[in-house]
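Below is one structure; the comments refer to it alone.
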Amino acid sequence: MSSAPATKHPLLWVPSGYFTMALTYNMLTAAAVVMFSNLGMDNASAAAYASALGLAYTIKPFFAAFLEMYKTKKFFVLLCQILLGAGFIGVALVMNLPNYITLMLLFFWVLSFIGSSQDITTDGVYVTALDAKSQALYCGWQSLSWNLGKLAMMSVMVVLSGVLHEHYFGLDPHVSGPEWIKSWQIVFGLLGVLMLLMAAWHWRVMPDGARAENTPKTPAEAIKTLVDAFVTFFQKQGIWLMIGFALLFRISFGFLNAPSMLFMKDSAENGGLALTNQEFGIIYGTFGLVALLIGSLIGGAYVAKKGLQKALFPLCCCVNIPNITFLLMAFYQPESHLLISLGVIIEQFFFGIGSVGFMIYLMQQLAPGKYATTHYAFGTALMGLCMMLTGMVSGVLQQAMGYVGYFIFVMAATIPSFLICWFAPFHHKHD
């Protein structure tokens, strides 16, 4: 896997690298919810399994240092992409077996750790192959490409599964069960081939990446550094309130995320909106994502103008109050795709505005210090832990309460977010 002699302009590998990262993450943690629903899995199991697959991404700060010590960062990027390609093709193959659900979940569990390792090493190439000026210059491409990967997975691939199921195999798109296997096998096969093509492309154009100055040279040194970073993390002034912020700022979204997707897919008899995969992919995977991106840009501009301390509580309102759109849709069950699209766009647009506050707070208040990168990763890991735990119980709670009752519960779950924002400490002044 040594580097081929090729031009290594950042635009040749930064967009494709982050696009590939997004495909894996969004397949395992988001599109999987739709697929599990298609295959006939109940809401409790679909939400729990998809949320649990986020564990590897949550704990990646704890094994990131060990990937820095061996070979090159590019080597691990290519290795991960080859394994992901083979793994997704393997998922397609095991779906032919009688006990395919167990085997598929096992594949997904392994692929989630490979995918999180791909994230670590791709970020490592970006940080060590580019100087500070270039990192800032291509940061926009990085974010845009990741979101295009999410669009490709949640819109294109989900829509493709529905088109194949309904128009190629001639099956009812509203009926769940094993009839969906063939359509998703094709999706996984295409995804696997795409991963292998990306590995071949990155072999040609991706730089090796360099070793960071503080890279541990032995496993013992890596463990010592991690322990020191962990200890100093808890020595920060106001750390428990900042931990509370990392855990609770998006808690209502953690409860909303998987059930909102299941709600749009579920039958009208069960209180859902009965969208096909095609309709879901266009409304949620396309319109919703575009609204989210626009909201993020507006949120960033708002924080830049007002300063985070003044902007944080309004941003919290943006994250939480628009959740009421799903409560209204559950109560009225609109059949109009225009009304459903409007509800999704409103919720995602304001979530995009508000979620900017979370990332900036971690950067400006939680991360500063000797281990800024590691402490920022700890903060995002806490958020990931919240998303995983709330997601795992969300399906069970939704089944017990029904959609209307559950979305009322989601609105009540916004209270901790408002409280923690009100008391969030600001020890570093950036305004």
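Since we're looking at a predicted model, the values are computed, not measured.
- The backbone N or O of Gln142 sits nowhere less than 3.5 Å from a side-chain atom of Ser145 that would complete a donor-acceptor pair.
- Of all heavy-atom pairs between Phe245 and Ile420, the closest is N-CG1, 3.4 Å.
- Side chain to side chain, His202 and Gln81 meet the donor-acceptor criterion of an N or O pair below 3.5 Å.
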For Phe358 and Leu315: C-alpha separation, side-chain torsions, deciding distance, then whether side-chain contact (heavy atoms from CB on, under 4.5 Å) applies. CA-CA 9 Å; Phe358 175 81; Leu315 293 176; over 6 Å; no
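- Side-chain atoms of Trp201 come within 3.5 Å of backbone atoms of Leu12 as a donor-acceptor pair (strictly under, hydrogens ignored).
- More than 12 heavy atoms of other residues, nucleotides or ligands shown are found within 6.0 angstrom of CZ on Phe349.
- Taking CG of Leu111 as the start and SG of Cys80 as the end, the distance is 10.5 Å to the nearest 0.5 Å.
- Counting only distance, with no hydrogens or angles, the side chain of Ser45 and the backbone of Asp42 share no donor-acceptor pair below 3.5 Å.
- Ring planes of Phe253 and Phe351: parallel class, angle under 30° (limits at 30 and 60°).
- Within the model, atoms CE of Met195 and CD1 of Ile89 stand 11.0 Å from one another, a figure rounded to the nearest 0.5 Å.
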Would Leu247 and Met383 satisfy side-chain contact (heavy atoms from CB on, under 4.5 Å), going step by step from the backbone distance to the final call? CA-CA 5 Å; Leu247 282 169; Met383 182 271 289; over 6 Å; no
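- A pairwise comparison of heavy atoms in Asp123 and Tyr18 identifies OD1-OH, 2.7 Å as the closest pair.
- Side-chain atoms of Ser260 come within 3.5 Å of backbone atoms of Asn257 as a donor-acceptor pair (strictly under, hydrogens ignored).
- When every heavy atom of Ala129 is checked against every heavy atom of Gly209, the shortest pair comes out as CB-CA, 4.4 Å.
- Put simply, the side chain of Gln365 gets close to the backbone of His427: a donor and an acceptor are under 3.5 Å apart.
- Side chain of Ser155 to backbone of Gly285: no donor-acceptor contact under 3.5 angstrom is found.
- Between Leu190 and Leu160 there is a side-chain heavy-atom pair separated by less than 4.5 Å.
- Two residues are said to be in side-chain contact when any heavy atoms from C-beta on lie closer than 4.5 Å; Val125 and Phe76 fail this criterion.
- In this structure, the side chains of Leu11 and Tyr138 come closer than 4.5 Å at one or more pairs of heavy atoms.
- The closest side-chain heavy-atom distance from Thr232 to His375 is below 4.5 Å.
- Within the structure, salt bridge (Lys or Arg N to Asp or Glu O under 4.0 Å) pairs that include any residue of residues 224-253 comprise Asp228-Lys370 (at least two apart or interchain).
- Residues Ser355 and Val319 approach most closely at N-CG2, 3.7 Å, considering heavy atoms.
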Show which side-chain atoms of residues 321-334 pair as donor or acceptor with protein atoms under 3.5 Å away, not counting sequence neighbours.
| from | atom 1 | to | atom 2 | distance (Å) |
| --- | --- | --- | --- | --- |
| Asn323 | ND2 | Ser252 | OG | 3.2 |
| Asn323 | ND2 | Asn320 | O | 3.2 |
| Thr325 | OG1 | Pro322 | O | 2.9 |
| Gln333 | NE2 | Ala268 | O | 3.2 |
| Gln333 | NE2 | Gly272 | O | 3.0 |

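- The minimum heavy-atom distance between Leu151 and Thr286, with the atom names listed, is CD1-CA, 3.8 Å.
- Atom CZ of Phe263 and atom CG of Leu256 lie 10.5 Å apart (nearest 0.5 Å).
- For the residue pair Ser116/Asp119, the side-chain donor-acceptor check at 3.5 Å is not satisfied.
- Atom-to-atom distance recorded for Thr20:OG1 and Gln118:CD is 6.0 Å, nearest 0.5 angstrom.
- In this structure, Phe280 and Val34 have side chains that are in contact, with non-hydrogen atoms separated by less than 4.5 Å.
- Taking CG of Leu55 as the reference point, atom CD1 of Ile59 lies at 4.5 Å (rounded to 0.5 Å).
- Atoms NZ and CG, on Lys150 and Leu293 in that order, are 8.0 Å from each other to the nearest 0.5 Å.
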Name every donor-acceptor pair, under 3.5 Å, that has one atom in a side chain of residues 398-416 and the other anywhere in the protein, sequence neighbours excluded.
| from | atom 1 | to | atom 2 | distance (Å) |
| --- | --- | --- | --- | --- |
| Gln398 | OE1 | Asn43 | ND2 | 2.8 |
| Gln399 | OE1 | Asn43 | N | 3.1 |
| Gln399 | OE1 | Ala44 | N | 3.2 |
| Tyr403 | OH | Asn43 | ND2 | 2.8 |
| Tyr403 | OH | Asp266 | OD2 | 2.7 |
| Tyr406 | OH | Phe255 | O | 2.6 |
| Thr414 | OG1 | Met411 | O | 2.6 |

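- Trp422 and Phe313 have perpendicular rings, their planes meeting at more than 60° on a 0 to 90° scale where under 30° would count as parallel.
- The closest donor-acceptor contact from the side chain of Thr276 to the backbone of Glu279 lies under 3.5 Å.
- Looking at Trp180, its side chain does come within 3.5 Å of a backbone N or O of Val175 through a donor-acceptor pair.
- Atom CZ of Phe230 has 12 or fewer heavy atoms from other residues, nucleotides or ligands within 6.0 Å.
- Shown here for Pro425 and Met242, the closest heavy-atom pair between the two residues is CG-CG, 3.7 Å.
- Proximity of a side-chain donor or acceptor of His165 to a complementary backbone N or O of Asp172 within less than 3.5 Å is detected.
- Side-chain contact check for Ile340 versus Glu335: every heavy-atom pair is 4.5 Å or farther apart.
- Annotation: side chain of Leu362 is in contact with side chain of Thr380 (closest heavy-atom distance under 4.5 Å).
- Ring geometry, Phe36 versus Phe108: the interplanar angle falls from 30° to 60°, so the pair is classed tilted.
- Although no hydrogens or angles enter the test, the distance criterion places no donor-acceptor pair under 3.5 Å between the side chain of Lys265 and the main chain of Ser37.
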Using the side-chain contact (heavy atoms from CB on, under 4.5 Å) rule, take Leu289 and Tyr284 through it: C-alpha gap first, then chi angles, then the decisive distance, then the call. CA-CA 7 Å; Leu289 180 57; Tyr284 187 83; over 6 Å; no
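- Between Ser417 and Leu248 the shortest side-chain heavy-atom distance does not fall below 4.5 Å.
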Show the numbers, then the answer: is there a side-chain contact (heavy atoms from CB on, under 4.5 Å) between Val14 and Tyr126? CA-CA 7 Å; Val14 171; Tyr126 185 87; 4.0 Å; yes
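- Tyr25 and Tyr57 have perpendicular rings, their planes meeting at more than 60° on a 0 to 90° scale where under 30° would count as parallel.
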